[in-house]
Amino acid sequence: MRIGILNSGGDCPGLNAVIHGVVGAASNLGWEVIGFKDGFEGLLPPGDFTVLRPQDTIGILKLGGTILGTTNKGHFAAKVGKGDIAEVPAEIVAKAKRTLDQLGIGALVVVGGDGSLTTGLQLYREGWPIIGVPKTIDNDLQATAMTFGFDSAVSTVVDGLDRLHTTAESHKRVMVLEVMGRHAGWIALWGGIAGGAQVILLPEIPFSTEKVAEFIKERDAQGHHSTLVVVAEGAKLPDGEIVTIADNAGGEVRLGGVGEIVAKRLEQLTGKETRACTLGHLQRGGAPTALDRILGTRFGVMAVKLASEGRFGRMVSYQAYHVDSVPIEEAVNQLRLVSPDGEMVAAAKAVGICLGD
Ligand code: F6P
């Protein structure tokens with residue numbers, strides 16, 4: 001048996017742990033693992049891949065990024081059609097399938113987010129032996145309670161806030177930290193609570209800059225002269241606008257800049273010196289935390305188990321401390337968002353955090 005693996009979409013810490021898990025579990029079964037380079041692109045003729053033996057994965061568990069490379073652009077991202085019915089063109093699928101057949105790949109593990117798993121679902125429906133592994137740093141896939149990479153990103157946010165804390169206090173300033181989170185504010189919420197932010201602004205909760213300014217002025221009056229604000233990149237300005245940097249030809253629209261705008265507005269409204277800082281891809285790079293190494297490894301092992309049972313078209317999923325699986329079709333196109341009425345938002349509010357609503 002030969003099993004293929006590819007990483008697709010944006011990278012995140014823990015991808016190498018998945019590869020490590022797949023290679024370890026597959027070699028126990030006597031299977032050979034083929035790693036395709038740069039996502040689905042590696043399947044296109046003449047094929048760009050490498051054989052992964054256990055000795056090739058020594059030491060990769062602790063490495064950020066992915067030894068296979070990845071992309072959120074290219075032939076498989078350029079789908080035709082719109083929304084849920086957008087598909088990879090038939091001639092591209094046919095070319096890639098030839099590589100799969102020539103190599104005799106009996107199972108293909110696709111490690112990716114919503115878009116890549118939707119591609120995986122299309123290929124499965126066309127007869128490919130696909131196993132999905134969820135990857136989203138934003139942790140916003142409905143069908144899994146947790147994805148690897150998220151914990152590492154949150155740790156980076158906490159480290160950033162700890163650093164901003166001391167400079168904010170020294171200068172009695174407001175510091176605004178913009179973090180990742182396109183549709184879901186999990187990184188902002190977890191990072192903000194753990195890092196001691198006083199204000200957290202999320203895509204899911206419309207905020208008023210006036211309310212945040214009042215909150216800051218009140219803190220000032222009580223003798224707390226510095227304030228830490230965390231804002232998710234996808235948080236909507238009070239007029240409903242999502243701030244974008246540029247159109248990303250062939251990829252998703254790039255978000256960014258909401259932190260600067262919020263900081264400027266808060267400075268005007270409070271009269272307090274305010275600075276903005278964007279954490280950006282620091283959240284995606286670097287070594288995975290212990291949790292992400294373990295989660296990634298377990299996901300990889302489960303992917304091989306599913307392949308060995310011939311349970312194709314399924315995605316590895318983490319539920320209630322247990323790694324299991326769900327049909328890919330139940331996992332895609334369903335975002336897991338922060339509930340404004342949920343327990344975590346209530347906990348944040350209970351400890352005095354302002355969400356701007
Ligand atoms: O979806 C994951 C994510 O990290 C988002 O939070 C962010 O907007 C985007 O990817 C960044 O993508 P890129 O690396 O292409 O700039």
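Both ligands and their constituent atoms are indexed starting at 1 by order of listing.
The ligand atoms of ligand 1 that sit less than 4.0 angstrom from a heavy atom of M180 are 4 (O), 6 (O).
Atom NZ of K95 has 12 or fewer neighbouring heavy atoms from other residues, nucleotides or ligands inside a 6.0 Å radius.
Listed by chain and number, the residues in a salt bridge (Lys or Arg N to Asp or Glu O under 4.0 Å) with E267 amount to none (sequence neighbours excluded). Residues passing the side-chain hydrogen bond (donor to acceptor under 3.5 Å, both in side chains) test with T297: none are found, sequence neighbours excluded.
Nearest heavy-atom pair across L295 and F148 is CD2-N, 3.6 Å.
Contact annotation: for E233 versus ligand 1, heavy atoms closer than 4.0 Å belong to the side chain alone. Contacts with ligand 1 closer than 4.0 Å are made by side-chain heavy atoms of I137 only, the backbone lying farther away. The residue T136 has no part lying near ligand 1, judged by heavy-atom distances below 4.0 Å.
Residue contacts with ligand 1: D138 is included, with a non-hydrogen atom under 4.0 Å away. Heavy-atom separations between G181 and ligand 1 include at least one value shorter than 4.0 Å.
Between K211 and D357 there is no salt bridge, since none of the side-chain N atoms of the basic residue sits less than 4.0 Å from a carboxylate O of the acidic one.
Inspection of the E41 and H75 side chains reveals an N or O donor paired with an N or O acceptor under 3.5 Å.
Polar contact check, H281 against ligand 1: a nitrogen or oxygen pair lies under 3.5 Å apart.
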